[in-house]
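Read the numbers this way: they start at 1 and go in the same order the structure lists the ligands and their atoms.
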Amino acid sequence: MTWPTCSQTQTGLSSAFRRFSGRTCPHVRSQSTALHFYQNRQLELFASKEAQRLTLRQLVFFGRMMDSDRLIKSANYVRTELPVRIAHRLRDLQALPYVVVTQESVAKVYELYWSAFEKFRRHPPITNLTENLAFCEFLENILDEHAPVIPSLSLGLSLSSPHLPPDSLDSFMRRMLVSRISRRVLAEHHLALTKSFGSGSSKIADEPHVGIIYTGLSMKRSIDKCVQLLRSQPYDIEDDSGECVPNRGWPEVEVDGHLDAKFAYIREHLEYILFELLKNAMRATELNHRDASTLPAIRATIVAGENDVGVRISDQGGGLSSAQIQSPSDLFSFSHIRNATRMDPPRLGALRTASSIGVKATVAEQIGRWQSQDEESDSVAGGKDPEREAGIAPHPRIGLGLPMSNIFTTYFGGSLELVSMDGWGTDVYLRLPKLGTNLEGIEL
Ligand code: COI
């Protein structure tokens with residue numbers, strides 16, 4: 001069966017549009033129809049523009065020699081670029097079947113995006129440093145307002161999974177999530193540039209950076225940091241049947257290979273990915289060896305290649321085969337056909353909580369927050385487990401870690417591959433480009 005899309009239904013879309021459908025009197029109706037028509041024309045106008053995709057290297061070069069003119073240029077780039085990127089995603093949402101976009105959590109995301117689009121579109125140009133500070137406050141508020149987007153979208157699309165073929169669902173989610181990362185990167189980079197410009201410093205905790213890009217990021221240091229953070233929180237875990245397994249302390253992680261490999265990257269993204277991969281490896285090891293007296297160590301091998309920096313994480317957690325997953329790459333899928341756990345009631349419940357309380361849903365957002373606190377203390381992410389802090393983990397798991405890690409990895413052209421040795425363990429291969437010359441992987 002083919003569902004009608006929103007643009008095929010009379011007033012269009014979600015409540016954001018229905019608000020303007022004028023049910024009271026003909027005068028109001030004609031006014032609101034005109035408003036609706038005008039707003040859709042604005043959306044078309046922005047959606048017809050191409051996003052100006054950037055590379056990491058461009059972000060670093062532009063931010064390196066900062067002066068007030070460049071900072072104001074950066075503010076105006078963010079002000080004009082974000083509504084274009086949001087408009088593309090609003091069009092994507094409008095193209096969904098009506099039954100999907102009217103789903104409560106999806107409609108909530110639609111409204112947030114519509115409101116952000118209107119705010120950016122109407123924002124006057126920034127002409128001086130005082131206006132830039134006000135613009136930064138405006139950006140911070142929108143970043144906060146959008147904290148529930150990922151759990152809401154994930155919940156809405158999980159519940160709508162029966163109405164969408166797996167390929168359409170996964171490509172829609174990919175476009176939505178990569179675009180969201182890209183918008184947050186642009187906004188957060190500008191905020192960080194403004195902060196460094198104000199303080200005259202480009203060093204946080206002895207690590208050189210330009211905006212949010214760390215120019216000498218050590219893979220080993222980030223692995224150690226995530227391990228330390230995980231090991232400081234030995235919470236009990238649930239196996240796949242829901243049985244609680246007491247944690248006897250997470251396994252050790254041995255790091256070898258090119259220990260001094262350094263590259264320029266967004267630290268928050270790298271640490272999100274490493275944290276999730278290491279957490280999965282530790283959990284699987286713990287469960288697979290619950291009756292043994294000792295836990296086999298996890299091995300992380302770093303390799304600095306000509307064009308990329310890679311890490312292989314090998315565990316003896318028994319591998320990935322399960323009744324619910326056919327192939328390891330299905331773990332990245334949002335479709336219940338590929339990954340039946342998407343419809344698990346405890347996961348849906350946890351997503352519902354995360355989406356309603358508006359927690360910072362990603363570890364990256366949490367680690368990012370602590371890293372800004374670290375400016376004073378340089379402690380390891382405040383010594384807290386980000387997901388636990390966010391109230392969305394460890395029980396029950398919401399299943400976003402791997403798909404989000406995949407999205408973060410591929411945003412600048414990296415790759416993430418899972419190889420399961422069923423009955424023994426899993427090898428995960430992460431490769432991140434180190435030259436910074438790949439354009440953002442956002443689609444129009
Ligand atoms: C998001 O977090 O979903 C955003 O789009 C943030 C951006 C508008 C600053």
Side-chain angles (χ1 to χ4, degrees), residues 14 16 42-43 46-47 49 51-54 59 74-94 101 105-123 126 132 134-157 172-195 211-212 266 268-269 272 334 351 354-355 357-369 372 390 392 400 403-404 407-408 411 440-444:
S14 72
Q42 289 299 321
L43 184 66
F46 280 80
K49 296 182 191 169
Q52 302 296 313
R53 295 186 297 155
L54 296 175
L59 287 168
S74 162
N76 282 309
Y77 167 73
V78 173
R79 180 185 64 83
T80 53
E81 180 65 13
L82 291 198
V84 172
R85 295 187 184 203
I86 297 173
H88 287 289
R89 297 300 61 93
L90 281 166
R91 294 298 287 132
D92 244 349
L93 282 157
Q94 292 179 350
V101 84
S105 311
V106 183
K108 177 172 162 183
V109 172
Y110 184 85
E111 295 212 21
L112 278 171
Y113 281 3
W114 187 265
S115 149
F117 170 69
E118 283 288 295
K119 287 180 190 163
F120 276 105
R121 178 173 79 75
R122 290 163 190 275
H123 200 291
I126 294 112
N132 180 48
F135 180 63
C136 286
E137 206 179 315
F138 162 86
L139 279 182
E140 270 166 358
N141 287 338
I142 296 195
L143 286 167
D144 274 358
E145 258 169 47
H146 283 230
V149 161
I150 292 183
S152 293
L153 208 53
S154 180
L155 173 65
L157 270 292
F172 167 81
M173 279 302 269
R174 179 169 172 79
R175 287 194 300 280
M176 293 298 286
L177 296 174
V178 174
S179 173
R180 179 181 193 257
I181 290 176
S182 80
R183 294 189 304 268
R184 292 184 87 88
V185 161
L186 298 186
E188 284 167 359
H189 191 60
H190 178 68
L191 291 173
L193 289 177
T194 301
K195 202 168 170 193
I212 56 169
I266 300 173
E268 210 179 287
H269 291 188
Y272 177 95
F334 286 90
L351 278 173
S355 116
I357 59 176
V359 292
K360 301 213 182 254
T362 68
V363 178
E365 285 163 352
Q366 288 295 313
I367 289 182
R369 188 160 62 82
S372 45
I392 54 175
L400 287 178
M404 285 306 296
I407 303 263
F408 277 120
Y411 169 47
E440 297 170 278
I442 47 171
E443 292 163 48
L444 298 180

[X] heavy atoms, cut-off 4.0 Å: which ligand 1 atoms fall inside?
{"X": "Arg180", "result": "1 (C), 2 (O), 3 (O)"}
{"X": "Tyr113", "result": "3 (O)"}
{"X": "Arg183", "result": "3 (O), 4 (C), 5 (O)"}
{"X": "Leu143", "result": "9 (C)"}
{"X": "Ile142", "result": "8 (C)"}

**Report entry** Listed partners of Arg174 passing salt bridge (charged side-chain N to carboxylate O under 4.0 Å, His left out), at least two apart
**Finding:**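 Per chain and number, Arg174 pairs via salt bridge (charged side-chain N to carboxylate O under 4.0 Å, His left out) with no residue.
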
Query raised in the report: When you check the gap from the basic side-chain N to the acidic O, do Glu145 and Lys119 get nearer than 4.0 Å?
Result: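 Yes.
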
Report task. Using a strict 4.0 Å threshold on nitrogen-to-oxygen distance, state whether Glu118 and Arg121 make a salt bridge. Result ->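 Salt bridge present between Glu118 and Arg121.
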
Query raised in the report: Do Arg183's NZ or CZ and the ring of Tyr113 fall within the cation-pi criteria of under 6.0 Å and 45°?
Result: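 Positive - Arg183 is close enough to the ring of Tyr113 and near enough to its axis.
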
Query - side-chain contact (heavy atoms from CB on, under 4.5 Å) partners of Ala47, counting only residues at least two apart - result: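 For Ala47 the side-chain contact (heavy atoms from CB on, under 4.5 Å) partners, ignoring immediate neighbours, are Ala87, Arg91.
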
